[in-house]
Amino acid sequence: MVRAGFRALLDSRSDIEVVGEAATGAEALEQVVALRPDVVVMDIRMPEMDGLEATRRITTAPTLSHTRVLVLTTFELDEYVFGALDAGASGFLLKGGEPADLVHAIRVVSGGEGLLAPSVTRRLIDTYVARPRHPANPEHDGLAELTSREREVLGLIAKGLTNAEIAQRFTSAHSQPKRTSRGS
């Protein structure tokens with residue numbers, strides 16, 4: 001029933017064509033090999049082969065190098081998020097979101113970009129910041145290599161802003177007239 005709902009949602013969009021549907025991870029893998037879609041929307045918990053293993057097989061198959069995987073799941077567990085990223089997923093989205101979120105995520109992933117649910121992004125940043133430093137250079141955390149704009153974006157991500165909200169901030173900043181002061 002859930003797959004039928006997703007199919008109806010996606011079929012209603014003129015720029016998205018649903019070419020296949022699978023009930024198991026093994027079936028999903030077979031269909032991806034046969035149909036070669038641009039994007040696979042993959043659940044994690046499936047019979048026969050879980051979605052993480054199916055994702056890994058898709059993303060490591062040389063003949064499927066153009067296929068991107070968007071993991072869509074009910075479970076917001078760190079082990080699933082990191083497992084999906086380790087398996088090569090281009091995105092991770094939670095089923096509890098709005099229908100437009102799924103459509104947007106498919107378009108983003110199809111365009112070659114990555115996407116994470118905002119709640120997942122916050123935890124990913126926390127995990128990155130808390131990780132042990134490189135033993136050869138414990139003071140090197142990689143932040144010094146970032147440009148000031150990249151650090152600014154990272155700060156906005158850490159505050160929980162979405163990609164659209166960050167883009168809006170930068171667009172607004174460029175559209176405001178520049179103020180100058182003149183000394184006497």
Problem set entry | side chain to side chain contact (heavy atoms under 4.5 Å, CB included) evaluation trace for Val71 with Leu85 | CA-CA 9 Å; Val71 171; Leu85 296 176; over 6 Å; no
Rounded to the nearest 0.5 Å, how far apart are [atom1] of [X] and [atom2] of [Y]?
{"X": "Leu72", "Y": "Leu94", "atom1": "CG", "atom2": "CG", "result": "8.0 Å"}
{"X": "Ser90", "Y": "Ile106", "atom1": "OG", "atom2": "CD1", "result": "12.5 Å"}
{"X": "Leu52", "Y": "Ile44", "atom1": "CG", "atom2": "CD1", "result": "4.5 Å"}
{"X": "Met42", "Y": "Leu70", "atom1": "CE", "atom2": "CG", "result": "10.5 Å"}
{"X": "Leu115", "Y": "Asn163", "atom1": "CG", "atom2": "CG", "result": "6.5 Å"}

Exercise. Gly25 and Met46: which non-hydrogen atoms are nearest, and at how many Å?
Worked result: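 Heavy atoms only, the tightest pair is CA-CE, 3.5 Å.
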Exercise. Taking only residues two or more places apart in sequence, or in another chain, which ones meet Asp43 in a salt bridge (charged side-chain N to carboxylate O under 4.0 Å, His left out)?
Worked result: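 Partners of Asp43 under the salt bridge (charged side-chain N to carboxylate O under 4.0 Å, His left out) test: Lys95.
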Problem set entry | With Glu53 via salt bridge (charged side-chain N to carboxylate O under 4.0 Å, His left out) - residues at least two apart | Arg56, Arg57
For this session: Just do the side chain to side chain contact (heavy atoms under 4.5 Å, CB included) check on Arg68 and Asp38 with the steps written out, would you?
Result: CA-CA 6 Å; Arg68 306 285 179 254; Asp38 297 319; over 6 Å; no
Exercise. Under the side-chain hydrogen bond (donor to acceptor under 3.5 Å, both in side chains) rule, what pairs show up with a residue in residues 14-24, not counting sequence neighbours?
Worked result: Arg3-Glu21, Arg7-Glu21, Asp15-Arg107
Exercise. Backbone N or O of Thr162 within a donor-acceptor pair of the Glu165 side chain at under 3.5 Å?
Worked result: yes
For this session: Check whether any side-chain N or O of His104 sits under 3.5 Å from a backbone N or O of Pro99 as a donor-acceptor pair, and report yes or no.
Result: no
Problem set entry | Test side chain to side chain contact (heavy atoms under 4.5 Å, CB included) applied to Thr67 and Val40, step by step | CA-CA 7 Å; Thr67 300; Val40 175; 3.6 Å; yes
